[in-house]
> 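My structure is below; once you've seen it, I'll send some questions.
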Amino acid sequence: MESRAKALGHPIHPMLIVFPLGLLSVSVVVDILYLITSNTRFPFVSFVMIAAGVIGGVVAAVFGLWDFLAIPGGTRAKAIGLLHGGGNLLVLLLFLGSWLLRYSSPDYVPTAGAIAMSVLGFAISAVTGWLGGELVDRLGVGIDRGANLNAPNSLGGQPADSNETRANDVRSTAK
């Protein structure tokens, strides 16, 4: 099933998720560094990373929802997509809660609750990331219909499953 939202021939959602996933994950690492070192700069860094990660996550979610709505009902992909999206919504809410607790704290120092929410969000994101991989790698969501090892460049304007690339693909696998 091809992605509905593309830029330069590639699905937008997978391009965007790396930013919030990276920012939110590293905010947990920065919190751990703060707990180990008591360096007072770390809380502000984590605070800003969470804010940027949540904003980026909302933007990525818009494109993910757009693709999700195109998945046919009653399929395993629809069920996995619902778990993936719902889990990621929970991740964003946990990090937003963590951010709000830090916002009201002097110098953005995280409370135990703020850190716990971030760590739980991080753990859930590992599961939802795996579910996203299941959607793409196993169920073919967001994949060009004619994807093959010799498909032309997406910027060339040719469909991935042009007759020439399919013939080359068959010849190369026959050797």
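The structure displayed is predicted, hence computed values, not measured ones.
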> If we only count heavy atoms from C-beta on, is the D67 to I71 side-chain gap below 4.5 Å?
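Contact flag for D67/I71 side chains = no.
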> Determine, using the 4.5 Å side-chain heavy-atom cutoff (strictly less than), whether L23 and V58 are members of one ILVMFWY cluster.
yes
> Could you tell me which non-hydrogen atom of D107 sits nearest to which non-hydrogen atom of P43, and how far apart they are?
O-CB, 3.7 Å
> Scan residues 72-107 for pairs that pass ring-ring contact (aromatic ring centres under 6.0 Å, His included), counting only residues two or more places apart or in two chains.
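Sorted pair list: F47-W99, W99-Y103.
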> I need the L21 CG to L16 CG distance, nearest 0.5 Å.
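Between L21 CG and L16 CG, I get 12.5 Å after rounding to 0.5 Å.
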> Going only through I, L, V, M, F, W and Y residues with side-chain contacts under 4.5 Å, is there a path from L101 to L35?
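Same hydrophobic cluster.
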> Given the rule in the side-chain contact (heavy atoms from CB on, under 4.5 Å) test, do L82 and F68 qualify, once you have shown the distances and angles that lead to the verdict?
CA-CA 8 Å; L82 188 60; F68 172 76; 4.2 Å; yes
> So, does S98 use its side chain to make a donor-acceptor pair with the main chain of I115 at under 3.5 Å?
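It does not hold such a pair.
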> CG/D137 to CH2/W130 distance, rounded to the nearest 0.5 angstrom?
10.5 Å
> V28, L96: one ILVMFWY side-chain cluster at the under-4.5 Å cut-off?
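Yes, one cluster joins them.
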> Taking the side chain as every heavy atom from C-beta outward, state whether Y34 and V109 have any atom pair closer than 4.5 Å.
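Yes, at least one pair of side-chain atoms sits under 4.5 Å.
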> So, for L92 and L24, which heavy atoms are closest and what is the spacing to 0.1 Å?
CD2-CD1, 4.3 Å
> Looking at I32, V30, I36, D31, which one forms a side-chain contact (heavy atoms from CB on, under 4.5 Å) with F42?
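Result: among I32, V30, I36, D31, V30 is the only option passing the side-chain contact (heavy atoms from CB on, under 4.5 Å) with F42.
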> What about V59 and L69, same hydrophobic cluster or not, with Ile/Leu/Val/Met/Phe/Trp/Tyr joined at side-chain heavy-atom distances under 4.5 Å?
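No.
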> Nearest 0.5 Å, please: how far is CG in N153 from CG in L8?
10.0 Å
> CG/L135 to CD1/I80 distance, rounded to the nearest 0.5 angstrom?
6.5 Å
> Looking at every heavy atom in both A77 and V141, which two are closest together, and how far apart are they?
CB-CG2, 3.9 Å
> What's the spacing between I124 CD1 and L131 CG if we round to 0.5 Å?
11.5 Å
> Indicate whether any N or O donor in one side chain lies under 3.5 Å from an N or O acceptor in the other, for R102 and S118.
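Result is yes, a qualifying pair exists.
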> Please find the pair of heavy atoms, one from S46 and one from S27, that lie closest to each other, and give the distance.
OG-O, 3.2 Å
> Write down the atom of G142, the atom of P11, and the distance for their closest heavy-atom approach.
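Heavy-atom minimum between the residues: O-CG, 3.3 Å.
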> Once rounded to the nearest 0.5 Å, what's the spacing between atom CG of L33 and atom CZ of R41?
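Those atoms lie 14.0 Å apart.
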> When hydrophobic residues are tied together by side-chain contacts of less than 4.5 Å, even through go-betweens, does F19 share a cluster with M15?
no
> Ignoring hydrogens, what is the shortest heavy-atom contact between A60 and I17? Give both atom names and the distance.
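Taking every non-hydrogen atom into account, CB-CG2, 3.8 Å.
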